[in-house]
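A short write-up of the structure that comes next.
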Amino acid sequence: MYRLLIVDDEPLILQGLTKLCSRLTEPELEIYSAGTSQEALIWLGRVKIDIVLSDIRMPGMNGLELQGEIVKQWPRCKVIFLTGHSDFAYIQQAIRQGSADYILKTEGNAKIVECILAVAKQLDQEQLVDMQLIEASQQRKVALPYIQKQYLNELIQGDDRSLHSLRDKFEDLQIPLDAGVPCLLMIVRIDDWGQRESLMDKTLFQFALDNMTNELLSPLTKVISMSYDKNKMVWFIQPSEAPADQGAFKRTFLFVREMLEQIQLTSLNLLKLPLSLALANSFSEWYDVPHKFERLNLLFHSGLGFGSELILLEPEFMPQTNNSSAEMRLTSVHFNKISYLKSCMENGQEEATIETLEELLAFASLSGAFPSAVQMELYYLLVAVFLPHGLLHSSNDAHTDQDLGRFTQFERYRSWHQICEEFTSYAKNIFEWQHAGMVVQEHELIQKIQHYVASHLSGDLSLSRIGEVVGHNPSYLSRLYKKLTGKGLSSYINEIRLEKAKRMLEQDGYKVHEIASELGFLSSQYFHRFFKKATHLTPQEYRELKRDSNV
């Protein structure tokens, strides 16, 4: 839908143009009219205008001056000048200022319609070009480092979807590693930022640290890194040449291990950043990267890991979390799933919420006899996610308050299966509450719109004005109203006008022109055409028919 503003200081011409444009079904137009340039400026200050059809010669600010104001507010707005003057100087200046077209009033209605259609098509083409530009190579080049980091983050979080078509994704994202070759993981923790408190400063120093480390490792390796948490970065490392045998992996591992101290010293001397580094003890297949990352991350969370300026090597016989239920623990993969679960609930994604919740609950069910440490930890983490939703919907519901109280008492449960059922049931309840709340708000919105329309039939019933009253974008409001009621907002307004027109015509105290004015029509003639199109009777014929039937 495009918004068309018609500007002309002659009322009959303004009404005629409005009527002409209102007949168009394609493109869909929302039409505004202004009798002066000042009125036009008011509209331009309220809503985004796409097309302006304006006279050039008007008292006060002329059309050319108005065009200058238009492009300041809406640079992509197309201006069509309509005038009775074929003065070459006007045409030349209008074209120079970037008008979309110039039409003489003597060329007739068909030419005006043709011009509006052409301008609408031009706007369509510009939108298409904009979309193509977003996908253009230069834009992609700028965004590529960000997209790479997002993808690598999915890899270390254990997102199974990130492993699908790994080679194609590496190629598409220009990741300088081989999807068919194992990689060596290294985590670098910045121990102290010093006086660097702003996000910009930290980002710049992380960038410098990235370049410095890549330069130090470049002779024998190819690498890519990503930021993780506020103080950590992760490096993915492979041999610089395709390894012909295990010897290449051993040489690369030895080189990286012996360069850790150099990386640490160079950072301290050049960047004044004290670092701690943790290096994996072997190269990992890509599907095992999340597990290897978790093992490395654990080194910073126990024992020596709480110190500073450390060089930590992954122990050869570090306990395996997936071999014994007694040693199972929640990892960063599970914490990321909990974050994803929270996001799904906030966005109303019921299917994804239930699926993620069941995955987490199923993992904890394998952690040993109830209640295991993993089960208790996951329980309270999930309560923290569910509790805000429960509180939001419990303010006026005593039964919900009671359920919420039971839900937060771990000691009342006798099995993990019982907890699983409770969480799943509660998740479904939350979406039922959300849906019920949405229905109530939608009903209130429809009532508010209909009340405003009924009480302002003689006033401004444009989508923009109604949007201002109810607090929604006009285009969104139009789509939402049709979705909820099955009919367009314009159709509803016409129905209300028609019903009120019939009631007023059935009373002898109103003249036709008074009814037209009361219902917000530009003229009696416009009302006459509207009424006859809807009822196949003129207003006078309808009045006489009703009078005869009453007799």
Side-chain angles (χ1 to χ4, degrees), residues 134 136-157 159 162 169-179 183-240 252 255-280 284 286 289-290 292-293 296-297 299-300 305 308-312 332 336 339:
I134 292 174
S137 58
Q138 187 60 35
Q139 293 289 337
R140 179 177 173 80
K141 182 178 179 181
V142 171
L144 196 58
Y146 172 79
I147 300 172
Q148 288 175 341
K149 302 300 188 281
Q150 289 292 102
Y151 176 66
L152 293 172
N153 192 45
E154 290 176 1
L155 274 177
I156 65 171
Q157 288 179 13
D159 188 336
S162 64
K169 287 176 181 175
F170 273 35
E171 182 178 349
D172 186 46
L173 296 178
Q174 299 178 28
I175 292 176
L177 301 178
D178 190 332
C183 74
L184 181 68
L185 284 188
M186 177 176 73
I187 298 180
V188 175
R189 183 184 69 191
I190 299 166
D191 293 326
D192 185 2
W193 283 105
Q195 300 300 314
R196 306 171 188 90
E197 297 181 355
S198 73
L199 177 62
M200 181 178 294
D201 284 346
K202 291 181 178 180
T203 303
L204 287 173
F205 273 88
Q206 283 178 328
F207 179 74
L209 177 60
D210 186 18
N211 286 337
M212 181 204 77
T213 304
N214 291 355
E215 182 67 25
L216 290 172
L217 296 179
S218 61
L220 290 182
T221 70
K222 49 186 178 182
V223 301
I224 188 170
S225 71
M226 56 161 286
S227 299
Y228 179 80
D229 283 343
K230 295 179 180 179
N231 303 320
K232 293 178 184 174
M233 298 179 70
V234 184
W235 264 263
F236 301 79
I237 306 167
Q238 287 182 339
S240 57
T252 302
F255 172 73
V256 174
R257 188 188 70 187
E258 296 305 307
M259 288 298 295
L260 296 182
E261 185 178 5
Q262 184 66 46
I263 293 171
Q264 199 175 58
L265 291 174
T266 305
S267 174
L268 193 61
N269 293 332
L270 294 183
L271 305 179
K272 310 303 180 187
L273 289 179
L275 304 179
S276 288
L277 302 96
L279 182 67
S284 304
W286 288 100
V289 161
K292 181 66 76 170
F293 169 77
L296 273 185
N297 212 22
L299 297 179
F300 288 115
S308 60
E309 297 186 61
L310 308 169
I311 294 179
L312 304 172
S332 59
N336 288 323
S339 297

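Predicted model only: the values in this text are computed from it and were never measured. Index from 1, following the sequence.
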* Roughly how far, to the nearest 0.5 Å, is the OG1 atom of T213 from the CD atom of Q262? -> 11.0 Å
* Under 3.5 Å, is there a donor-acceptor pair between the side chain of Q238 and the main chain of D178? -> yes
* Asked: Heavy-atom count around E261 CD within 6.0 Å, excluding the residue itself: above 12?
  -> no
* To do: Would you please test L268 and E309 for side-chain contact (heavy atoms from CB on, under 4.5 Å) and show each step?
  => CA-CA 10 Å; L268 193 61; E309 297 186 61; 3.8 Å; yes
* Considering non-hydrogen atoms only, spot the tightest contact between Y228 and N153 and give its length. => CD1-OD1, 4.0 Å
* **Audit row: L209, I190, side-chain contact (heavy atoms from CB on, under 4.5 Å) steps and yes/no** => CA-CA 10 Å; L209 177 60; I190 299 166; 4.3 Å; yes
* Structure fact -> One should read off an interatomic distance between K232 NZ and N297 CG, to the nearest 0.5 angstrom, of 4.0 Å
* **Closest approach of W235 to N214 (non-hydrogen atoms, all atoms of both residues)** => NE1-OD1, 3.0 Å
* Atom of K202, atom of R196 and distance for their closest heavy-atom approach -> CE-O, 3.2 Å
* Asked: Does anything in residues 183-195 pair up under side-chain hydrogen bond (donor to acceptor under 3.5 Å, both in side chains), and if so which pairs, sequence neighbours excluded?
  -> R189-D191, R189-S276, D191-S276, W193-N231
* Structure fact -> What one should report as the nearest heavy-atom pair of K292 and S284 is CE-OG, 3.1 Å
* Nearest 0.5 Å, what's the OG-CZ distance between S227 and F207? -> 11.5 Å
* Structure fact -> Applying side chain to side chain donor-acceptor pair (under 3.5 Å) to N336 and not counting sequence neighbours gives none
* Steps toward side-chain contact (heavy atoms from CB on, under 4.5 Å) verdict (L152, V234) -> CA-CA 9 Å; L152 293 172; V234 184; over 6 Å; no
Do any side-chain atoms of residues 143-150 form donor-acceptor pairs under 3.5 angstrom with protein atoms, and if so which ones, sequence neighbours left out?
unit_1 : atom_1 : unit_2 : atom_2 : d
Q148   : NE2    : L173   : O      : 2.7
Q148   : NE2    : Q174   : O      : 3.2
K149   : NZ     : S225   : O      : 3.3

* Asked: Could you state the interatomic distance from CG (L217) to CE (M186), rounded to the nearest 0.5 Å?
  -> 5.5 Å
* Asked: Which distance, rounded to the nearest 0.5 Å, do you find between the CG of L260 and the CG of L310?
  -> 12.0 Å
* To do: Can you measure from CG (L277) to CZ (F300) and round to the nearest 0.5 angstrom?
  => 7.0 Å
* Evaluate the side-chain proximity of F293 to Q157: yes if any heavy-atom separation is below 4.5 Å, no if none is. => no
* Asked: Stepwise, does the side-chain contact (heavy atoms from CB on, under 4.5 Å) test hold for L184 with V256?
  -> CA-CA 9 Å; L184 181 68; V256 174; 4.2 Å; yes
* **For M212 against I263, the heavy-atom pair lying closest together** => CE-O, 3.6 Å
* Hey, are the side chains of F236 and I175 touching, using non-hydrogen atoms and a 4.5 Å cut-off? -> no
* Might you point out which heavy atoms bring K222 and L177 nearest each other, and give the distance in Å? => O-CD2, 3.4 Å
